[in-house]
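What follows is one structure encoded as structure tokens, with my remarks underneath.
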Amino acid sequence: MNIVAIDGPSGTGKSTTAKMVAEELGYTYLDTGAMYRAIAYLVESGELRVESFQNSQIKLSFDENNQILINGVNRENEIRDPKISAVVSKYSAVPAIREALTAQQREIASAQPCVLDGRDIGTVVFPNAKHKFFLTADYKTRAARRLLELQNAGKAGDETLESVETNLRARDKADSTREVAPLVKAQDAIEIDTSHLTIQEQVQKVLQSVSEAARCNNSLDTTHKG
Ligand code: DC
């Protein structure tokens, strides 16, 4: 199974990196955070109750631009709203929600070579993934990136560097202290601090390490055969 797992907190450039790496390798990109955001959006908009989540018939999928479809309807704009960012950790800590989304992620990525980004890909979803990365960056850099992203999407509203940083810190705390599948670096993941890297540089680091590992595997295969 060809899996590239890219974990780490928000604002470290995970999704942009994962998307570009997937494109370069010809793999499918799976944004697992978007799936948790979709559930948060459904609950917040009153379309779903957490208690009845297991019996619901929600279908999550992605269109050709990697935008999320909830029951066939594009909700990319809604799930990126800062109001959803502020509450998503509450829902991503619910075991039944994690269990269902993890199963769905495994199903999608078992059918095709995939680059997945998230918080628990290398630890829980695919602990045997061939390639694991854990991206980090300092808070000032992460907040600046997130704010710019919101401004570019016309979603910044009253947000400031301080309010974005406060949300990032709160989410990191919730994501890394929850009982099920907390945000932690897998022991065998390669850590990349992206604070002073451009997106191109971080993509290159990931691609380089993937191709080195593939070369190493090939030569091990030859040694075994030989
Ligand atoms: O990557 P993101 O900011 O879109 O993720 C949104 C939230 O979903 C994040 O606060 C934590 C949660 N998440 C998770 O718990 N597990 C994942 N594999 C992906 C995201």
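Starting from 1, each residue takes its place in the sequence as its number. Note that this is a predicted model, so its numbers are computed, not measured.
As a member of the Ile/Leu/Val/Met/Phe/Trp/Tyr network built from side-chain separations under 4.5 Å, Leu148 groups with nothing else and remains a singleton.
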Residues 119-130, side-chain donor-acceptor partners within the protein, below 3.5 Å, at least two apart:
| unit_1 | atom_1 | unit_2 | atom_2 | d |
| --- | --- | --- | --- | --- |
| Arg119 | NH2 | Ser10 | OG | 3.0 |
| Asp120 | OD2 | Arg98 | NH2 | 2.9 |
| Thr123 | OG1 | Asp120 | O | 3.4 |
| Lys130 | NZ | Asn2 | OD1 | 2.7 |

Enumerate, atom names and distances included, each donor-acceptor pair closer than 3.5 Å involving a side-chain atom of residues 83-90, sequence neighbours excluded.
| unit_1 | atom_1 | unit_2 | atom_2 | d |
| --- | --- | --- | --- | --- |
| Ser85 | OG | Arg37 | NH1 | 3.2 |
| Ser89 | OG | Asp175 | OD1 | 2.8 |

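Using a 4.5 Å heavy-atom threshold, the side chains of Thr136 and Thr194 count as separate. Considering only heavy atoms from C-beta on, Leu48 comes within 4.5 Å of Ile58 through its side chain. Contact of the Met35 side chain with the Phe62 side chain is registered, since non-hydrogen atoms from C-beta on lie closer than 4.5 Å.
Checking side-chain atoms of Ser176 against main-chain N and O of Leu183 turns up no donor-acceptor pair under 3.5 Å. Checking side-chain atoms of Ser211 against main-chain N and O of Gln208 turns up a donor-acceptor pair under 3.5 Å.
Atom CD of Glu99 has 12 or fewer neighbouring heavy atoms from other residues, nucleotides or ligands inside a 6.0 Å radius.
For residues 136-158, every residue pair satisfying the salt bridge (Lys or Arg N to Asp or Glu O under 4.0 Å) rule, not counting sequence neighbours, is listed here: Lys140-Glu165, Arg142-Asp172, Arg146-Glu149. Listed by first then second residue, pairs satisfying salt bridge (Lys or Arg N to Asp or Glu O under 4.0 Å) with a partner in residues 1-26 number zero, not counting sequence neighbours. The salt bridge (Lys or Arg N to Asp or Glu O under 4.0 Å) pairs that include a residue from residues 48-68 are Arg49-Glu51, where partners are two or more places apart or lie in different chains.
In the hydrophobic clustering of ILVMFWY residues, with side-chain heavy atoms under 4.5 Å counting as a link, Val4 and Val203 come out together.
For the pair Arg75 and Tyr41, the cation-pi test (distance below 6.0 Å, angle within 45°) is failed.
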